[in-house]
Structures are given as C-alpha cells and as structure tokens.
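Step one of this worksheet: look at the structure below.
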Amino acid sequence: MTNLTGTVVRLKLSLLRGGLRQSRGRRDAFIVSSVLALLFALAQLPGMVLLGRQPHGEVVSVTATALLALGWAFLPLFFPTGDETLDPTRLVMLPLRPLPLMRALLVSSLVGVGPLVTLLLLLGCVLVPARGAAGWLTAVVALALALLVCVTLARAVAAANVRLLTSRKGRDLAVLSGLVIALGTQLVNFGARRLSSGGLGQLRPVADVLSWVPPASAVAAVRSASEGSYGIALARLALTAAALVALFVVWARSMTRLMTTPDGSTLQAAGSGRAERRRTGGLARLLPAGRTGAVMERTLRYVWRDPKTKAGWVTSLAVGLLVPVFYALQHIGSVYFGCFAAGLLGLQMYNQFGQDTSAFWMVALTISSPRDAYEELRGRALALLLITLPYATLVTVLTVALMDAWTRLPGVLGLSLALLGAMLAAGAWASARYPYSIPQEAMKNVVPGQAGLAWISLFGGMLAAAVLCAPFIALTVWLTHGTDGGPAWLLLPVGAVYGAGIALLGLRLAAPRAAGRLPEILAAVSKG
C-alpha cells in the first residue's frame, strides 16, 4: 500500500516536471502564477485574523469555505487536463484494486500548489471564529475535514464524468469557462456594491444556511465550540465527516465501474454523430440554396464544432448579456449599454479567413472572381446575423425594460442595429486587409510575429465601425435631445436601413480586395 501511494505521488510529480519541460513559457507562467497564488494565500492570513474581531467575521469564513468547495467541484469539469492523474482510466489495465488506488490518488491530490493554497485559505477561515482551547482544537479537526472534503469532491466529480471529459464533446465543456468567468466577475461586482452599502450583515442569512452544508459546516463548528455549544459543534463536524464518507463511497462506485466496465464511448459518439447529421440536415433545408447556403452551414458548423470559435461565441454571448443587465439592475450607466451586445458580437466578423487556419486553401480554390468573394463574405455575414440579430435585439429590449425607459427603445434599438451593420462592414474589410493566423494551442490567439496585424485588425476595425456609425449617432442625438428634432420613433427604421446598407456596402468593398489578395491571405492564415 505504501509503495503504491509513493509511486502515484512520484508519478504526479514526474508528470508535472515533464509538462514544465515542454516550453520555457509554460514553466515561467507556472512559476509566476504559483508564487502569486501563494503570496495571496499568505497575505490573507493576517487579514482573516483581523476580520475575526469584527461582528460578522465568521460570515465571511463560512461563505468563503463554501466557495472553495464549489471551485474544487467544478474546476475539473472546465480544465480536465490540469491534472493527468484525474483520469483513472489510464490505470485500468494495471492489476490494481479500486480502494488501494483511491487512497493513493487521494494522497497525490494533496500534493501541489493548489492543495497548499487551499490549505492556507482554509486556515484563514478557521482562524476567524476560533476562541479558547475548545475552539482551537475544533479548528484543527475542521481544517483537516474541510481539506479532505474539497479534494475528495474533486476526485468524485472527475471520476463520475471522466468518460465525458476525455471525449471530444466533453472537452468542449472548457469553453464554458468563459461564461463562468464572465458571470463570476459580474456577480462579484454586484455583490461588492451591495456589501459596500449594507455591510457584511447582509450575508448572515446565507451563512446560516451554509453553516449546515459541508464543508462550510466544519468551519461553523469552530464558532459553535468557541461559544460553548459543544453539541452543535459535534453535530456539524459529524455532518462534514458523513459527507466525506458519502463522497468516498460515490468515488469508489465510479472507480469500480470504470475499472470493470468496457468503454462504450465510441458507439455513443457514432450514435450522436448520426443524430447531429440529422439535425444539420434539417438546418440545411432552411438555408438558402447555392453557395450562400453552403457558406452559412459551414460557418455554423465551425461555431458548433471548433473549440476556439465556440469559446469566443460563448464568451461574447455571456458578456454581451451580463454587462448591460447587471448595470441595469444596479440602475447605473446609460440605457445605451443595451448596444453592448451588438458591438461585442459584431467582433465575430473580424478575421473571418484566419478562423479557417490552413483549411482556408479549400475555400480559396472556390474563389476566382470578386463575385465569388462577395458571396463567400455574404454567406459568413448572414450566418452571424442568424445569431447576433435576434440576440442583440433581445438584450436591447431587456435592458430598456429593466431601466423602465420604453420611450428610448426606438433610439437604442436603432443604434444597436446600425452598430451591428457597421461592425459587419468593418469586419469584412479587416478580414480581407489584415488577416492573421489563429494557432491551435489553447492559450494563444495569435501566432508569433502577427500580433501587430491582430491589433490593427481589431482596433482599426472598431475605429472604422465607430466612424461609420457617427452619422447615425449624430442623428440620434439630434432627434433625442435637439430642440428642433423630429419624432424619435424614426430612429428604429432608419437604424435598420442604415445598418443593412452599410453592411452591404462594406461587403461590396471588401470582396474585390479579398479576391485580389488570395495568395497573401492564404499565406497569412496558414502560419499557425
């Protein structure tokens, strides 16, 4: 048993060392991120000690413990390749029993920067409510139980979903990290504003509920023991220990199933592929005939299948909705924040050819004239409009409704449509004039040597879109605030016509340039 545990720990260290040897950039990023995480974990300790003297300090410690456990539960789903030992199917061919292997994997899970940072954070959480000998003794037990629950929770979730995480569609779950980051950022911003106005006491009802939810119940037991409520403290510690046992049982069942059941993921993938072809065939029947429909279907397939393209879309859709909605809920900012979704989603039109990477040569073979290039760009723009137009309209109407500014709806929606058309026009032109390659590596969006092209394409294109929108913005200001302005309802039809016209003009101007620069475009987008 000891030999197996030591072997698994050495395996994890070897995998970590081998990954850092792959590139100097990866090694430097790991060192910097580890040092910053450890410094943060150490710096919070004196802050938590001072927080313990505040009236509602234990509220923060209980809530923070619950958030730590939530992170340990869901991070393996978003980043399944962060720890190679999270995949027990790599060891199923070895003559190992599930329980000894689980103990070895549990010990190896406690090795690394992540567990050390978690230990320091949990230490800060138990220091807040600890008072007296009983409180300190309970804090030691609570610290160990909370750490083991977090680690076992991560292992149980990973083992239960390992078949999904190691499949192609399962790896696409990582694109949801953009959504989680966007949502988490806005929630933290919203919560910070509420707490700054009302104080920590607003979290008391939440903390009272979490004090009976493991592993936060272990931290709450420290406070109970410090106050002399030994029965409640024992009950909360027992609840945490029971949760640990339950997680271990779930993990054991998943491990037994993985090590004794044949993998049927190939058959499942084939079945899902047939279902996907049926769905795609239904969509194809709704698209226009000819090259336009074919280009639209190809573009939509990229959005659904390519991980990087999907990640960009998911992030844009999430942020495009969350930013205006959260500002509207807090009654700050302008109603014109409703145009944020149109501007952000319009960025998907930029670097259209670079998104194809080296596969663009197959598209280039079908372009022999400006007319072919125009149909190619038009099909891509129409595919984007299938998603962006209804979504941007929905976000705009929702923002206006939350701010109760219905009289401003024609102007805001008209500006949103005009901005979307300007972004499509500028994106088509930038795609033809400043294409760049997108590498396959997960954390890189531009190949070395093309960063300047990317900056020019994005920021130059956005500046061009702002210039194209300037006439309609001036009209909006005149009709909305001008003393001699006309009816503001005209802004909606004018914005729709202006956006459509400027988009068509941009496609017409970009098509000859794209057709004449096919060799340069192909060379630029194939460097990754």
message: Looking at Glu520 and Arg433, is any side-chain nitrogen of the basic one under 4.0 Å from a carboxylate oxygen of the acidic one?
response: no
To the nearest 0.5 angstrom, please state how far the [atom1] atom of [X] sits from the [atom2] atom of [Y].
| X | Y | atom1 | atom2 | value |
| --- | --- | --- | --- | --- |
| Leu468 | Leu424 | CG | CG | 11.5 Å |
| Leu509 | Trp429 | CG | CH2 | 10.5 Å |
| Met255 | Arg155 | CE | CZ | 8.5 Å |
| Leu347 | Met462 | CG | CE | 6.0 Å |
| Leu504 | Arg378 | CG | CZ | 9.0 Å |
| Tyr436 | Ser431 | OH | OG | 8.5 Å |

What pair of heavy atoms forms the shortest contact from [X] to [Y], and how long is it?
| X | Y | answer |
| --- | --- | --- |
| Ala373 | Ala511 | CB-O, 3.4 Å |
| Arg291 | Ile367 | NH2-CG1, 3.5 Å |
| Cys339 | Leu419 | O-CD2, 3.7 Å |
| Leu402 | Ala328 | CB-CB, 3.8 Å |
| Val525 | Ser437 | O-OG, 3.1 Å |
| Tyr391 | Leu317 | OH-O, 2.5 Å |

task: Could you list the residues that satisfy side-chain contact (heavy atoms from CB on, under 4.5 Å) with Val467, not counting sequence neighbours?
output: none
message: According to side-chain contact (heavy atoms from CB on, under 4.5 Å), who are the partners of Leu389, at least two apart in sequence or on a separate chain?
response: Leu385, Thr393, Leu417, Leu420
query: Tyr327 vs Phe337 aromatic rings, parallel, tilted or perpendicular, using cut-offs 30° and 60°?
result: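 Rings of Tyr327 and Phe337: parallel, as their planes differ by under 30°.
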Residue pair Gln348 / Thr388, side-chain donor-acceptor N/O under 3.5 Å: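 No, because no side-chain N or O of Gln348 sits under 3.5 Å from a partner of the opposite role on Thr388.
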message: Just by distance, no angles: are the side chains of Trp251 and Thr152 close enough, under 3.5 Å, to form a donor-acceptor pair?
response: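 Short answer, no.
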Any side-chain heavy atom of [X] within less than 4.5 Å of one from [Y]?
| X | Y | value |
| --- | --- | --- |
| Tyr498 | Leu475 | no |
| Leu116 | Val111 | no |
| Arg517 | Pro435 | yes |
| Val494 | Trp489 | no |
| Val319 | Phe340 | yes |
| Tyr302 | Gln355 | no |
| Thr399 | Val395 | yes |
| Arg380 | Met296 | no |

Residue pair Tyr336, Arg408: steps toward the side-chain contact (heavy atoms from CB on, under 4.5 Å) verdict: CA-CA 9 Å; Tyr336 287 98; Arg408 310 287 292 276; 3.3 Å; yes
Are any side-chain N or O atoms of [X] and backbone N or O atoms of [Y], one a donor and one an acceptor, separated by less than 3.5 Å?
| X | Y | answer |
| --- | --- | --- |
| Tyr350 | Ser457 | no |
| Thr366 | Val363 | yes |
| Thr396 | Gly338 | yes |
| Ser416 | Leu413 | no |

field: Working for side-chain contact (heavy atoms from CB on, under 4.5 Å), residues Ile473 and Leu415
entry: CA-CA 7 Å; Ile473 294 175; Leu415 181 58; 3.8 Å; yes
Step-by-step side-chain contact (heavy atoms from CB on, under 4.5 Å) determination, Phe472 to Ile502: CA-CA 11 Å; Phe472 187 82; Ile502 205 71; over 6 Å; no
message: Run the side-chain contact (heavy atoms from CB on, under 4.5 Å) test on Val295 and Glu375 for me, step by step, so that the C-alpha distance in whole Å, both residues' side-chain angles and the decisive distance to 0.1 Å come before the verdict.
response: CA-CA 8 Å; Val295 173; Glu375 292 180 351; over 6 Å; no
